[in-house]
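Input: a single structure, listed below in structure tokens.
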Amino acid sequence: MTGFLSLGERTAVGAKVHVFFGRLLTDESYWRLLHCDTIQEIVEYLKSLPGFAPHLLSVSPEIHRAELEDVLEMLPLRETLTFFGYLTGEQRAYVRCWIDLYEADLLKRAMRSLFSRKQDREQLRQRFALIPKPSFSSEALLSSGSYEEFLEALSGSGYYRVLREPLTKLAGEGGSLFSAETAVDLHVLSALFRAAGKVDPRNGTGVLSLVGTMVDLLNVSWLHRSARFFDMHFEEMLNRLLPVRHRLGLPFLRKLSRAENPEAFWDLLRHSCYGGALGESLPKEDFELETRMKQHLWRQAKQLFRRSGIGFHSLVAYLFLRRYEIQDLKTIIEDVRYDFDRRGALLFMVRPIVPGGERAWRW
């Protein structure tokens with residue numbers, strides 16, 4: 001199967017995704033949300049917006065912060081599923097891998113639930129029900145009482161292979177879920193990159209570039225965090241990277257892993273193919289580099305969407321933009337809930353916004 005979309009399919013997908021794109025939050029909406037004083041105000045305002053109203057109709061204004069964030073996190077998945085029936089071939093395979101990012105998040109939540117012995121099975125059961133044709137039985141997974149049972153529930157899925165070693169070690173020796181969660185992330189992100197590489201560029205120009213940039217920057221991010229917070233040997237850092245590469249090859253990543261200090265790390269990165277995109281100066285705070293990376297991906301997704309013509313690339317770009325929008329919303333919710341400085345929240349935002357409202361787009 002070639003996976004080419006027919007004219008009718010391209011029109012249907014293109015029209016739908018452009019409607020969704022038009023419902024993304026504007027700069028003005030971001031500022032309105034930042035000026036809210038309570039979670040209740042945020043809920044009421046979101047209910048007035050077409051991009052959120054259908055998903056929040058049954059949500060009480062008195063909803064707890066964590067519950068609201070949980071509802072919002074699943075919103076992009078619900079939208080993704082509305083496109084699934086239009087797609088065939090490699091486009092469908094790619095979107096399946098995108099859906100698996102959400103399945104993986106739920107899987108990690110289930111592991112944390114087992115690890116902490118704090119069960120939220122009913123909520124997880126409802127979320128798993130959104131995943132079409134999962135590769136494992138979520139019911140068996142949620143009924144697990146041990147890591148051995150958890151692993152057995154994954155038998156036959158791709159997760160079993162990558163989790164067998166860390167969960168077996170965890171069951172025998174104890175420790176944290178760090179290795180297990182990392183293994184899940186590497187599995188689904190590598191699959192997404194490979195699926196992007198199979199999308200015919202004539203029907204999805206720019207897809208591999210966007211996903212490949214994400215892969216490269218995630219590897220850089222991991223090396224940065226490993227050096228700053230985990231004090232790992234450089235070989236261990238490299239062993240935990242994504243097993244796929246785009247523009248940053250292993251020789252360059254090896255140099256980054258051996259950087260003697262943050263200044264040396266930044267100097268290498270500044271002279272790489274992503275240097276200009278991540279700013280000219282060394283980030284002052286640890287979180288700042290992560291934010292710059294996400295902002296670069298946001299800009300690249302925005303440019304990909306604006307590319308002329310209706311195609312699969314529009315859907316891919318929109319899914320990135322919507323996922324980052326939800327991340328920003330969670331930042332705003334935390335900021336309002338704990339009454340942090342509103343302008344300080346801008347430092348953590350993925351989408352760059354300007355004072356006073358919407359910035360005119362320059363074509």
Side-chain angles (χ1 to χ4, degrees), residues 17-57 59 61 63-80 210 214 217 277-279 283-285 287-306 314-363:
V17 77
H18 275 75
V19 169
F20 280 11
F21 179 84
R23 295 173 179 174
L24 290 173
L25 294 174
T26 63
D27 284 3
E28 182 181 1
S29 295
Y30 268 78
W31 284 112
R32 283 283 301 274
L33 288 163
L34 283 166
H35 281 88
C36 289
D37 292 320
T38 65
I39 300 299
Q40 289 71 30
E41 285 184 43
I42 290 177
V43 172
E44 290 301 327
Y45 180 63
L46 290 177
K47 283 185 174 183
S48 72
L49 303 176
F52 294 90
H55 307 280
L56 299 177
L57 288 176
V59 170
I63 189 172
H64 187 272
R65 170 193 59 79
E67 293 175 342
L68 176 59
E69 291 178 357
D70 189 60
V71 171
L72 293 173
E73 283 178 354
M74 301 308 292
L75 190 154
L77 172 60
R78 294 179 184 275
E79 291 182 342
T80 303
L210 178 59
M214 179 183 71
L217 295 183
L278 300 177
K284 296 180 180 179
E285 303 289 344
F287 70 83
E288 193 175 345
L289 180 59
E290 311 289 326
T291 302
R292 290 184 190 180
M293 291 177 178
K294 292 179 180 179
Q295 288 175 343
H296 176 64
L297 285 166
W298 183 91
R299 290 192 296 268
Q300 188 172 341
K302 188 73 172 286
Q303 291 168 359
L304 179 59
F305 188 91
R306 294 289 189 179
S314 302
L315 174 59
V316 172
Y318 171 77
L319 295 178
F320 266 81
L321 294 170
R322 185 61 150 168
R323 190 172 175 93
Y324 285 134
E325 179 176 89
I326 297 303
Q327 289 183 22
D328 281 347
L329 263 178
K330 291 174 63 178
T331 298
I332 292 173
I333 290 169
E334 297 284 336
D335 192 76
V336 171
R337 169 63 180 82
Y338 297 106
D339 198 25
F340 295 142
D341 175 58
R342 300 297 194 267
R343 289 189 176 274
L346 300 180
L347 297 174
F348 298 88
M349 293 289 182
V350 177
R351 172 180 171 148
I353 61 175
V354 295
E358 185 66 23
R359 161 177 40 195
W361 179 265
R362 296 183 181 273
W363 290 88

Between Leu329 and Leu25 the two heavy atoms that sit nearest each other are CG-CD1, 4.1 Å
Checklist line | Derivation and outcome, side chain to side chain contact (heavy atoms under 4.5 Å, CB included), residues Tyr30 and Leu346 | finding: CA-CA 10 Å; Tyr30 268 78; Leu346 300 180; over 6 Å; no
In short, Asp27 meets Arg351 closest at the heavy-atom pair OD1-NH2, 2.7 Å
Cation over ring, Arg299 on Tyr324, under 6.0 Å and within 45°? no
Which of Arg337, Glu69, Glu44 passes side-chain contact (heavy atoms from CB on, under 4.5 Å) with Ile39? Answer is Arg337
Value for OG1 (Thr331) from CD1 (Ile326), rounded to nearest 0.5 Å, stands at 11.0 Å
Residues His55 and Val59: closest non-hydrogen pair is O-CG2, 4.3 Å
Between the CD1 atom in Ile42 and the CG atom in Leu56, the distance rounded to the nearest 0.5 Å is 11.5 Å
| said: Below 30° counts as parallel, above 60° as perpendicular, anything between as tilted: where do the rings of His18 and Phe305 land? | reply: tilted
Closest heavy-atom pair, Lys47 versus Ala53, reported as atoms and distance to 0.1 Å, is O-CB, 3.2 Å
Value for SG (Cys36) from CG (Leu46), rounded to nearest 0.5 Å, stands at 8.0 Å
message: Between Phe21 and Lys302, is the side chain to side chain contact (heavy atoms under 4.5 Å, CB included) condition met? List the steps.
response: CA-CA 10 Å; Phe21 179 84; Lys302 188 73 172 286; 3.7 Å; yes
When rounded to the nearest 0.5 Å, the distance separating OG1 of Thr38 from CG of Asp339 is 11.0 Å
Item checked: Test log, rule side chain to side chain contact (heavy atoms under 4.5 Å, CB included), inputs Ile333 and Leu72 -> CA-CA 11 Å; Ile333 290 169; Leu72 293 173; 3.6 Å; yes
For Leu278 and Met293, what are the C-alpha separation, side-chain angles and deciding distance, and is it a side chain to side chain contact (heavy atoms under 4.5 Å, CB included)?
CA-CA 6 Å; Leu278 300 177; Met293 291 177 178; 4.0 Å; yes
Please check this pair: side chain of His35 against backbone of Trp31, looking for a donor-acceptor N/O pair closer than 3.5 Å. yes
| task | Could you tell me whether Lys330 and Glu334 make a salt bridge, using a distance below 4.0 angstrom between a side-chain N and a carboxylate O? | result | no
Discussion item. Just checking Arg32: does its CZ atom have more than 12 heavy atoms from other residues, nucleotides or ligands closer to it than 6.0 angstrom?
Written reply: no
Rounded to the nearest 0.5 angstrom, the CH2-CD distance for Trp298 and Gln303 is 9.5 Å
Rounding to 0.5 Å, atoms CD (Glu79) and CZ (Arg322) come to a distance of 4.0 Å
On a heavy-atom basis, the closest approach of Ala301 and Leu210 is N-CD1, 4.0 Å
Minimal heavy-atom distance between Val43 and Ile63, with the atoms involved, is CG2-CG2, 3.8 Å
- Just say parallel, tilted or perpendicular for the rings of Tyr318 and Phe20, cut-offs at 30° and 60°. tilted
Checklist entry - Just by distance, do the side chain of Asp328 and the backbone of Met349 share a donor-acceptor pair under 3.5 Å? => result no
